[in-house]
Number of protein chains: 2
Amino acid sequence: MEFLNVSERAAISPEIAVSTVIFSLRRAPGAADDTPPRLWIPLVRRTRQPYRGQWALPGGPLGAQQSLAAAAAENLRTTTGLVPRYLEQLYAFGGLDRSPARRVVSIVYWALVRGADSNDDGPDAGAPHSELIEDPNVAWFPVDSDEVRAQLAFDHVEIVEYALWRLRNKVTYGKVAHRLLGDRFTLAQVREVYEVVLGTRLDPANFRRQLLSSPGLAETGEHLHGVKHRPPKLYRFEDPVDTPPSPAAHGAATASLQEGSLT
Amino acid sequence: MEFLNVSERAAISPEIAVSTVIFSLRRAPGAADDTPPRLWIPLVRRTRQPYRGQWALPGGPLGAQQSLAAAAAENLRTTTGLVPRYLEQLYAFGGLDRSPARRVVSIVYWALVRGADSNDDGPDAGAPHSELIEDPNVAWFPVDSDEVRAQLAFDHVEIVEYALWRLRNKVTYGKVAHRLLGDRFTLAQVREVYEVVLGTRLDPANFRRQLLSSPGLAETGEHLHGVKHRPPKLYRFEDPVDTPPSPAAHGAATASLQEGSLT
DNA sequence: CAAATAGTGTCTGTCAGACACTATAGT
DNA sequence: ACTATAGTGTCTGACAGACACTATTTG
C-alpha cells in the first residue's frame with residue numbers, strides 16, 4: 001500500500017476548492033425607496049490562517065462525492081439560506097501563488113439570487129439583510145464598497161471583478177436580469193436591473209419594446225398597485241425552451257438551472 | 001506527521017487533470033486545393049485502462065509546479081509540436097461519474113493552431129499532417145468524423161461538442177478566425193474560416209466590408225500570386241490594444257496570448 | 001477572349017436610439 | 001388639477017443582406 005505524507009500529497013495534486021460569487025440587488029438597510037439599489041455580495045470572514053480575519057468569498061474544499069455545481073449551491077445555501085435563481089461556472093483559477101499556504105485550484109461559480117424587496121413572497125422570498133443572519137462571520141457588501149474592492153483575501157478581488165464582467169456580458173447578450181427579481185416583475189424593474197448592472201441610463205420606451213419582443217415574456221394580467229402613478233403591468237418569464245449546447249449535464253445543482261446559457 | 005494511503009487521498013480531493021481541444025483547419029492529405037478544408041483535432045490513443053486503445057483528448061494530470069494554461073500549452077506542444085495561436089480555458093468538468101476509475105476533475109482548454117497550408121513559413125509554420133508525427137498513438141481527425149463523434153473515451157465527445165459551440169460563438173462575436181491562418185492572409189481565406197466553422201455561406205462583398213471595418217486589420221502591401229485570377233491583397237492583424245477584464249493573469253502560457261477576450 | 005475571383009456601388013428592410021405624445025393611477 | 005410614471009407613435013441614422021457591376025489576373 002502506498003503512503004504519502006501531507007507535503008508529498010500536495011506535490012502530486014493541488015487541492016480543489018469551490019467558491020461562489022453571489023449577486024443580489026438591494027438597497028442599503030433603511031434607505032428610501034426612491035434610491036437606486038446596488039449589487040451586493042455575501043462574504044465570509046476567515047477564522048483561520050492565511051488571511052485570518054479578512055473577508056473572502058464563500059467556499060471550501062470540494063467534497064469527494066460532490067459535483068462542482070452542487071458544491072457551489074451548498075456555498076450559497078449555507079451563507080444565504082437561499083436557492084440560486086441562476087448558477088453558472090465562472091472560471092477555474094489555478095495560479096501557483098494564489099495562496100501563501102499549499103497550492104489550491106479554485107473552481108469559481110457565480111450566482112444570482114433575488115433581492116429582499118421583490119413583488120413575491122415564498123420560501124425563497126429574497127435574501128435576508130445582513131443583520132438577519134445569525135452568523136457574525138457572514139455579511140453582505142456592495143460590490144463597489146471598499147471591503148470588496150481592496151480588502152478581500154487571496155485573489156478574490158480579481159475573481160469578483162471577473163464575475164462582474166461576466167454578469168455585465170450576460171445581461172447584455174442574454175436574459176438573466178430577471179433572475180435578480182421575483183417571479184413577477186414590472187418592466188421598469190427589469191430596466192432598473194440593467195441600469196444598475198451596466199451603470200447606464202436606458203430609454204424606457206426603447207427598452208420596453210426590446211424586452212417585449214423577447215420570447216418567454218408573458219403578462220400575468222395583474223398590476224402593481226400602491227405606486228403614486230399609473231399602475232404598471234406585472235410580467236413573468238416562462239422558461240425558455242431551447243438550450244444551446246452547454247455542459248449543463250455535468251453537475252447541475254438543480255434541474256431548473258441552465259448553466260452557460262447565452263440565450 | 002499526517003499519513004494518508006492512496007484511497008484516503010482520493011476520498012479527500014479528486015485528482016486534477018488538464019485536457020486540451022486543439023483545432024486546426026486543413027484538407028485531407030492529398031485532397032485537391034479547391035475542396036473546402038475542415039476542422040481537425042489531434043487525439044491520443046490511450047495505452048492504459050480505462051478506455052485502453054480508444055482515442056482521447058490530449059491531456060494529463062496537473063503538475064505540482066505547473067499553472068493550468070501551462071499544462072494546456074504542454075499538451076499542445078507534445079502532441080502537435082506547435083505553439084498555440086489562441087488558448088482559452090473552456091470549462092472545468094467535475095461530474096462524479098466521468099471516469100470508471102477514481103474521480104478526476106478535468107480543466108479543459110481549447111486552442112487554435114494554424115493549418116499546414118498557410119501563406120507563411122516559420123518555426124511554427126502549421127501543424128504537420130498525421131503521417132509526419134512519429135508517435136503512432138497521436139493522430140488528427142476531422143471533428144465531424146466517426147472517431148470523434150462516437151468513439152472517444154470518457155465524456156470527451158461532450159467536451160469536443162462544447163468546444164465547438166464555444167468556437168462558433170467566439171468566431172461570431174469575436175475575432176479569432178485569423179488564428180487558424182498564418183500571419184498573412186487574404187480576406188477570402190478568413191471568409192473560408194468563417195464558412196467552415198459556422199457551416200454557412202457568406203456573401204463575399206458584405207463579409208469584406210464588415211472585416212475591413214474591424215480595427216487592427218492592416219494591409220501588408222503584398223499580394224498572393226499563383227492563383228488563376230486577380231491576385232488578392234494580403235492582410236495581417238495587429239494585436240488589438242484593449243483587453244477586456246479577464247483572468248488572463250492566471251496561468252497565461254504565453255505573454256502574447258489573451259485568454260477570454262471577446263473583442 | 002473566357003474564366004474566375006477581387007473588389008466597388010447601391011438599394012432595401014430592420015432595428016436601435018431619440019423624443020414627442022397620450023393614458024391613468026395617486027394625492 | 002397636478003405629478004409621476006406607464007405605455008404608444010414616429011422619425012432617423014446605422015447597418016446587414018442581396019445583388020448588379022467593374023477590375024485584373026491566368027490560361
Side-chain angles (χ1 to χ4, degrees), chain A residues 32-37 117 119 168-169 171-175 177-178 181 184-196 198-215 217-236 263, chain B residues 32-37 117 119 168-169 171-175 177-178 181 184-196 198-215 217-236 263:
Chain A
D33 272 7
D34 57 352
T35 59
D117 51 348
N119 306 319
R168 296 203 178 100
N169 217 61
V171 113
T172 305
Y173 294 118
K175 305 178 195 142
H178 66 285
L181 299 168
R184 288 140 64 243
F185 46 82
T186 69
L187 299 189
Q189 287 172 334
V190 182
R191 177 165 50 85
E192 188 171 52
V193 172
Y194 274 76
E195 290 181 339
V196 169
L198 300 177
T200 59
R201 302 288 293 177
L202 296 169
D203 183 279
N206 296 328
F207 183 85
R208 143 184 294 279
R209 238 186 310 268
Q210 196 171 325
L211 203 64
L212 281 177
S213 74
S214 56
L217 186 74
E219 292 188 20
T220 61
E222 302 164 296
H223 292 257
L224 181 64
H225 293 283
V227 288
K228 49 183 168 192
H229 53 74
R230 176 173 172 177
K233 290 180 183 175
L234 284 169
Y235 291 83
R236 63 190 167 80
T263 51
Chain B
D33 272 8
D34 57 351
T35 59
D117 52 350
N119 306 320
R168 294 201 178 102
N169 218 60
V171 112
T172 305
Y173 293 119
K175 304 177 195 143
H178 67 284
L181 299 168
R184 287 139 66 243
F185 46 81
T186 70
L187 298 189
Q189 287 172 334
V190 182
R191 175 165 52 84
E192 188 170 53
V193 172
Y194 275 75
E195 289 181 339
V196 168
L198 299 177
T200 60
R201 300 288 293 178
L202 297 169
D203 183 278
N206 297 329
F207 183 85
R208 143 183 293 277
R209 238 185 311 268
Q210 195 171 327
L211 203 64
L212 281 178
S213 74
S214 57
L217 186 73
E219 293 188 18
T220 61
E222 303 163 294
H223 292 258
L224 181 64
H225 293 281
V227 289
K228 49 185 169 188
H229 52 77
R230 176 173 172 177
K233 291 180 183 174
L234 284 169
Y235 292 83
R236 64 190 168 80
T263 52

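Computed from heavy atoms alone, side chains included, the values below leave out hydrogens, waters and symmetry copies. To find a chain, count down the sequence lines: A is the first, B the second, and so on, and within it residues start at 1.
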Could you check whether any side-chain heavy atom of P231(B) comes within less than 4.5 Å of a side-chain heavy atom of E222(B), counting everything from C-beta outward?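 The answer is no, as the side chains (C-beta and beyond) never meet within the 4.5 Å cut-off.
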
What is the minimum heavy-atom distance between L198(B) and T172(B), and which atoms define it?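 Of all heavy-atom pairs spanning L198(B) and T172(B), the closest is CD2-OG1, 3.7 Å.
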
Closest approach of S214(B) and K175(B), non-hydrogen atoms and distance?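 For S214(B) versus K175(B), the nearest heavy atoms are CB-CE, 4.0 Å.
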
Give the rounded distance in Å between these two atoms: [atom1] of [X] and [atom2] of [N].
X       : N       : atom1 : atom2 : value
R209(A) : dG17(C) : CZ    : P     : 11 Å
K233(A) : dT24(C) : NZ    : P     : 11 Å
Q210(B) : dG17(D) : CD    : C1'   : 10 Å
L198(A) : dG17(C) : CG    : P     : 11 Å
K228(B) : dA3(C)  : NZ    : P     : 13 Å
L211(A) : dA16(C) : CG    : C1'   : 15 Å
H225(A) : dA6(D)  : NE2   : C1'   : 13 Å
H223(A) : dA23(C) : NE2   : C1'   : 12 Å

Contact class for A188(B) (heavy atom, under 4.0 Å): base, sugar-phosphate, or nothing?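 If one applies the 4.0 Å heavy-atom cut-off, A188(B) turns out to touch the sugar-phosphate alone, with no base involved.
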
Can you tell me which nucleotide in [options] comes closest to the side chain of [X]?
X       : options                  : result
N206(B) : dG9(C), dG17(D), dC19(C) : dG17(D)
A205(B) : dG7(C), dG7(D), dG9(C)   : dG9(C)
R208(A) : dA23(D), dA6(D), dA16(D) : dA6(D)

Backbone N or O of L234(A) within a donor-acceptor pair of the E219(A) side chain at under 3.5 Å?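 It does not hold such a pair.
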
Can you tell me if R191(A) touches the phosphate of dA6(D), counting only side-chain N or O atoms and a distance under 4.0 Å to OP1 or OP2?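 R191(A) to dA6(D) OP1/OP2: side-chain N or O found under 4.0 Å.
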
Is the distance from the ring center of Y194(A) to that of F207(A) below 6.0 Å?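 Yes; F207(A) has its ring centre under 6.0 Å from that of Y194(A).
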
Do D203(B) and dA16(D) have a side chain to base donor-acceptor pair shorter than 3.5 Å?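 Under the 3.5 Å cut-off, the side chain and the base do not form any donor-acceptor pair.
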
Taking for each residue the nucleotide of DNA chain C bearing the nearest heavy atom, is the 5' side occupied by H229(A) or by P231(B)?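 In this pair, the answer is P231(B).
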
